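Heads up: numbering here begins at 1 and tracks the sequence. Quick caveat, the model's predicted, so the values are computed rather than measured.
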Amino acid sequence: MIETLKNAFRNKDIRKKIFLTLLILLIFRIGCYIPIPGLSRNFIESQIEGNNFLQLMSSITGGALASGTLFALGIGPYINASIIVQLLTVGLPPLERWSKQGEEGKKKINTLTRIITIVLAVVQSIGIIVNFAGGFTGDMSSTDSIKWDLFFNSRALAVIYMTIVYTAGSVLVMWLGERITEYGIGNGISMIIFIGILSTAGESVLDKIMEIGSNPEVLLELAFFVVLVVVIFFLIVFVDLAERKIPVQYAKQVRGTKMYGGQSSVIPMKISGNGVMPLIFAFAIISFPGMIISLGGEAWSGALTWWNTYFSGQDPTWGWIYILVLTVLIFAFAFFYTQIQFNPEDVSKSIQQNGGFIQGIRPGKPTALYLKKISNRITLFGAIYLTLIAFIPSMAFAWASYDLVNVFSTTGILIVVSVALEIDKQLQSQIMMKNYKGFLK
């Protein structure tokens with residue numbers, strides 16, 4: 001990675017892209033500190049604390065959600081919109097046709113994704129005000145959540161203002177991410193998530209370092225924590241790069257005076273091919289009912305207490321129920337997402353049409369069944385791996401230092417590793433492309 005960065009900075013064009021990417025990320029981080037007038041930061045922090053999914057979303061925004069700043073929604077609405085469009089592409093024929101129309105179809109899908117992003121941003125903005133700031137049910141004489149006097153004591157004006165500001169912030173983050181993808185290095189959306197998680201982790205570690213002067217034992221805790229982070233990151237990278245290669249042989253074909261085919265290839269199937277999506281879906285599903293129940297205020301306080309007892313993981317006695325439900329959801333979404341991403345029948349048809357075959361397996365349906373069997377096995381081990389990642393790192397960090405348990409969320413660790421590996425691949429491919437251009441000249 002260090003050698004790749006050195007080679008990248010030696011090239012003028014790639015160096016410009018790197019600096020442009022860093023500039024856009026700096027703008028994003030500045031937006032994470034711009035406060036929204038009238039909204040209490042401490043109140044929102046208290047509402048988010050203890051909710052695993054909301055803490056994950058806050059870490060992705062670099063702490064902006066917990067602070068209630070301009071970029072509080074971050075890239076969340078765009079990610080949700082992309083997931084929705086991706087799922088609809090499988091079920092809706094018009095979207096499926098768009099996905100096969102090349103660049104023109106891609107533009108249509110991107111436009112639809114942006115429209116859904118704006119709709120979700122509006123909904124989530126209202127949700128922040130209603131759920132965390134008491135926008136519709138709070139006491140206007142209280143200053144715990146919103147300073148109503150800044151909005152002429154008008155509840156409607158406050159809600160409209162904050163909805164517009166938060167939606168505009170989310171759209172601006174989406175635009176910054178697209179600019180990185182177009183003019184910078186790597187995928188802009190991934191880069192924004194990556195820098196948000198690292199920023200949140202960096203702030204927590206920095207606070208811990210500041211305690212060393214008053215308590216020297218903190219240095220030992222911090223050193224132990226760093227060792228655990230290195231070990232866990234190494235193991236995740238090891239599994240992330242692991243893959244099953246299925247060899248494919250292509251038969252020789254004579255067309256006229258030329259001979260085609262006769263080459264060998266492989267179908268790479270990664271253990272962690274689903275990435276972090278099953279974890280994000282699982283955390284979202286198990287947290288969503290609690291967020292809906294909390295909208296009922298005092299009327300549903302009993303139901304909220306019951307849900308938090310059994311399905312939030314906060315109660316040590318009933319924590320096993322939360323672990324069991326989360327594990328089942330991770331397995332379910334792992335297999336569901338694999339079916340969306342990898343279709344054995346389509347792969348089998350593609351191999352057969354190109355004159356290829358898997359040694360020992362007949363072309364057609366037997367090849368599809370063989371690929372499905374291999375895919376199910378790999379998905380099973382991938383789901384087990386994601387389940388272990390969902391619980392073991394947080395337990396290990398709590399063992400090292402309870403104050404540092406939330407520095408890296410389980411999903412955040414996977415995102416950081418995946419994006420770092422992807423950045424390295426992007427830089428290597430661009431360096432190789434520049435070298436080829438230089439050779440041709």
Side-chain angles (χ1 to χ4, degrees), residues 48 50-60 65 76-77 79-88 90-91 120 124 127 131 193 197 232 236 239-240 270-295 303-342 375-398 405-406 408-418:
I48 291 178
N51 189 307
N52 292 328
F53 180 68
L54 292 178
Q55 286 180 344
L56 168 63
M57 291 296 102
S58 183
S59 67
I60 288 176
L65 178 59
I79 296 173
N80 296 333
S82 300
I83 293 171
I84 291 172
V85 171
Q86 190 175 10
L87 295 178
L88 291 178
V90 179
L120 292 179
Q124 290 184 27
N131 197 10
I193 297 174
I197 294 173
I232 290 173
I236 291 175
V239 177
D240 193 81
K270 299 183 67 174
I271 293 179
S272 60
N274 290 325
V276 297
M277 297 311 302
L279 274 179
I280 292 177
F281 281 156
F283 279 119
I285 292 298
I286 204 169
S287 300
F288 185 72
M291 290 195 300
I292 296 299
I293 294 173
S294 64
L295 295 176
L304 183 61
T305 302
W306 177 84
W307 180 267
N308 289 335
T309 300
Y310 295 102
F311 297 102
S312 68
Q314 299 176 18
D315 192 320
T317 306
W318 300 101
W320 64 271
I321 297 180
Y322 169 78
I323 294 175
L324 178 62
V325 173
L326 190 61
T327 301
V328 171
L329 289 174
I330 290 172
F331 271 75
F333 282 118
F335 280 92
F336 172 74
Y337 206 70
T338 298
Q339 291 182 348
I340 294 176
Q341 285 191 316
F342 182 78
S375 176
N376 288 338
R377 287 180 179 177
I378 292 177
T379 303
L380 175 62
F381 284 103
I384 295 173
Y385 159 70
L386 288 176
T387 303
L388 294 175
I389 288 296
F391 301 109
I392 290 180
S394 57
M395 294 178 183
F397 293 156
V405 66
N406 291 321
F408 283 110
S409 64
T410 54
T411 312
I413 293 174
L414 288 174
I415 293 174
V416 168
V417 171
S418 300

Quick one: pull up [atom1] in [X] and [atom2] in [Y] and give me the separation to the nearest 0.5 Å.
X: T379; Y: Y337; atom1: OG1; atom2: OH; result: 13.0 Å
X: L380; Y: I384; atom1: CG; atom2: CD1; result: 4.5 Å
X: I271; Y: L386; atom1: CD1; atom2: CG; result: 11.0 Å
X: L324; Y: L329; atom1: CG; atom2: CG; result: 9.5 Å
X: I79; Y: L120; atom1: CD1; atom2: CG; result: 11.5 Å

Taken in chain and number order and not counting sequence neighbours, the residues that satisfy side chain to side chain contact (heavy atoms under 4.5 Å, CB included) with T327 are I323, F331, T387, F391
Across all chains, not counting sequence neighbours, the side chain to side chain contact (heavy atoms under 4.5 Å, CB included) partners of L88 are I84, L92, L95
Residues N376 and F335: closest non-hydrogen pair is O-CE2, 3.8 Å
For Q124 and N80, the nearest pair of non-hydrogen atoms, with its separation, is NE2-ND2, 3.1 Å
Within 6.0 angstrom of F381 CZ, more than 12 heavy atoms from elsewhere:
no
F333 meets the ring pair (Phe, Tyr, Trp, His ring centres under 6.0 Å) criterion, sequence neighbours left out, with F281
